[in-house]
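Take a look at the structure set out below.
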There are 2 protein chains.
Amino acid sequence: MLNAPVYTSASLKAELNEKGWRLTPQREVILTVFQNLPEGQHLSAEDLYALLEEQGEGISLSTIYRTLKLMSRMGILRELELAEGHKHYEINQPHPHHHHHLICVRCSKTIEFKSDPILKIGTKAAQKEGYHLLDCQLSIHAVCPTCQRSLLV
Amino acid sequence: MLNAPVYTSASLKAELNEKGWRLTPQREVILTVFQNLPEGQHLSAEDLYALLEEQGEGISLSTIYRTLKLMSRMGILRELELAEGHKHYEINQPHPHHHHHLICVRCSKTIEFKSDPILKIGTKAAQKEGYHLLDCQLSIHAVCPTCQRSLLV
DNA sequence: CGCCTTATTGATAATAATATTCAGTTGAGG
DNA sequence: CCTCAACTGAATATTATTATCAATAAGGCG
Ligand SMILES: [Mn+2]
Ligand SMILES: [Mn+2]
Ligand SMILES: [Zn+2]
Ligand SMILES: [Zn+2]
């Protein structure tokens with residue numbers, strides 16, 4: 001069941017150190033931002049950069065890109081394709097908060113929804129092949145009601 | 001249930017013309033390539049470009065990018081994030097061939113698997129919100145057995 | 001069947017997200 | 001503390017994808 005723990009600074013440090021990596025203030029700040037992000041919000045690299053700038057905790061874009069990638073590969077964050085041209089990120093929540101995305105390919109309006117069966121099926125599929133699960137996300141690409149009406153394409 | 005028909009030149013033409021667009025030899029060729037692609041194969045824009053070059057049916061990269069995007073937004077092709085840095089495409093098959101992807105985030109080794117329940121859940125989720133379904137794909141990000149062994153990160 | 005309008009193509013240049021480089025800094029283990 | 005490799009930030013490079021624009025060719029229509 002997506003063994004994605006709720007990370008604390010301590011557990012993040014432990015997991016990093018285990019691999020010879022380090023806990024830095026920047027990584028701690030970024031984790032905190034994602035942990036406090038309201039449900040349904042997703043940040044791009046630029047979003048995160050701007051947000052931190054605002055908070056007076058400026059972190060370089062280089063470090064932001066590196067950290068987003070690192071944490072995604074650790075299974076701490078999820079990398080999402082919610083819009084064309086750039087990725088979005090959110091914290092990778094375990095079971096009761098784990099969810100999926102219904103995305104309008106025209107305007108990018110996104111609706112989240114939960115599904116236990118999907119998480120189960122995904123977990124089993126990974127297990128069967130001996131893969132170590134990091135994230136499991138159903139992406140539904142569709143056209144929202146508004147965009148259906150506006151006949152534009 | 002993902003009303004993605006099996007496209008023929010005629011039905012492609014019909015659907016294009018309906019929107020004031022045109023069927024061109026290039027679009028026909030590209031559709032044919034994807035329809036004849038063996039199960040489990042996915043093409044990037046560059047892959048497709050090289051493949052057509054080889055076949056002596058060279059099509060410009062501009063047109064390839066435009067066509068891949070157009071056909072994805074029409075629901076004819078699926079746009080997949082199977083590797084970092086570029087997208088892959090495959091034909092969007094209806095029910096009995098519809099499938100999902102288990103992807104190693106380290107080496108990009110990908111395994112396909114089917115699941116009727118997921119397609120059902122996705123279809124229902126879109127319906128409930130009044131979205132017009134184009135594609136429904138579960139992406140499982142994980143680490144394959146080989147990459148688990150090689151302790152590298 | 002031709003004609004006219006306009007979508008489409010291909011070549012080229014532009015854009016923008018992300019990666020890389022490297023010198024200076026700082027975690028973490030001993 | 002000390003050492004050393006991992007990390008950061010600034011600048012630069014990369015590269016997938018998009019935009020531009022003149023030339024071409026679908027397709028609706030008379
Ligand atoms: Mn979300
Ligand atoms: Mn596939
Ligand atoms: Zn929309
Ligand atoms: Zn692998």
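Chain naming here is simple, since letters A, B, ... match the order of the sequence lines and numbering starts at 1 in each.
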Problem - Residues from residues 51-69 of chain A lying under 4.0 Å of DNA chain C - heavy atoms - result: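 The answer is A:Ser62, A:Tyr65, A:Arg66, A:Lys69.
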Handout entry: Heavy-atom pair with the smallest gap, counting every atom of A:Ile64 and A:Ala45
Key =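 Heavy atoms of A:Ile64 and A:Ala45 come nearest at CG2-O, 3.8 Å.
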Handout entry: Minimal non-hydrogen separation, B:Cys136 against B:Gly122, with atom names
Key =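 Taking every non-hydrogen atom into account, SG-CA, 4.0 Å.
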Gap between atom [atom2] of [Y] and atom [atom1] of [X] - 0.5 Å precision:
{"X": "A:Glu79", "Y": "A:Glu90", "atom1": "CD", "atom2": "CD", "result": "12.0 Å"}
{"X": "A:His95", "Y": "A:Leu119", "atom1": "NE2", "atom2": "CG", "result": "6.5 Å"}
{"X": "A:Gln127", "Y": "B:Ile140", "atom1": "CD", "atom2": "CD1", "result": "11.0 Å"}

Would you mind reading off the distance between [X] atom [atom1] and [N] atom [atom2], rounded to a whole angstrom?
{"X": "B:Met71", "N": "C:dT8", "atom1": "CE", "atom2": "P", "result": "11 Å"}
{"X": "B:Leu16", "N": "D:dG28", "atom1": "CG", "atom2": "C1'", "result": "16 Å"}
{"X": "A:Leu48", "N": "C:dA17", "atom1": "CG", "atom2": "C1'", "result": "15 Å"}
{"X": "B:Glu81", "N": "C:dT18", "atom1": "CD", "atom2": "P", "result": "10 Å"}
{"X": "B:Glu84", "N": "C:dT18", "atom1": "CD", "atom2": "P", "result": "10 Å"}
{"X": "B:Leu80", "N": "D:dA16", "atom1": "CG", "atom2": "P", "result": "17 Å"}
{"X": "A:Glu28", "N": "C:dT26", "atom1": "CD", "atom2": "C1'", "result": "14 Å"}
{"X": "A:Leu70", "N": "C:dA19", "atom1": "CG", "atom2": "P", "result": "12 Å"}

Problem - Nearest-nucleotide pick for A:Arg27, side chain only, options being D:dT8, C:dA17, D:dA16 - result: D:dT8
Handout entry: Residues B:Ser115, B:Leu138; criterion side chain to side chain contact (heavy atoms under 4.5 Å, CB included); working and verdict
Key = CA-CA 9 Å; B:Ser115 168; B:Leu138 183 66; over 6 Å; no
Exercise for the section: Using a strict 4.0 Å threshold on nitrogen-to-oxygen distance, state whether A:Glu84 and B:Lys69 make a salt bridge. Expected result: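 Between B:Lys69 and A:Glu84 there is a salt bridge, with a charged N closer than 4.0 Å to a carboxylate O.
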Exercise for the section: Using the side chain to side chain donor-acceptor pair (under 3.5 Å) rule, take B:Gln148 and A:His132 through it: C-alpha gap first, then chi angles, then the decisive distance, then the call. Expected result: CA-CA 8 Å; B:Gln148 285 173 51; A:His132 174 241; 5.9 Å; no
Can you check nucleotides 27-30 of chain C for protein contacts, nitrogen or oxygen pairs under 3.5 Å, and list what you find?
| from | atom 1 | to | atom 2 | distance (Å) |
| --- | --- | --- | --- | --- |
| C:dG27 | O3' | A:Leu23 | O | 3.3 |
| C:dG27 | N2 | A:Arg22 | NH1 | 3.4 |
| C:dG27 | N2 | A:Arg22 | NH2 | 2.7 |
| C:dG27 | N3 | A:Arg22 | NH1 | 3.2 |
| C:dA28 | OP1 | A:Asn17 | OD1 | 3.3 |
| C:dA28 | OP1 | A:Leu23 | N | 2.9 |

Fill in the blank from the handout: The single option from A:Leu70, A:Leu43, A:Leu52 that satisfies side chain to side chain contact (heavy atoms under 4.5 Å, CB included) with A:Ile30 is A:Leu52
Practice task
Ignoring backbone atoms, establish whether B:Gln26 has a side-chain N or O less than 4.0 Å from OP1 or OP2 of C:dG10.
Solution key: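 Indeed, a polar side-chain atom of B:Gln26 lies that close.
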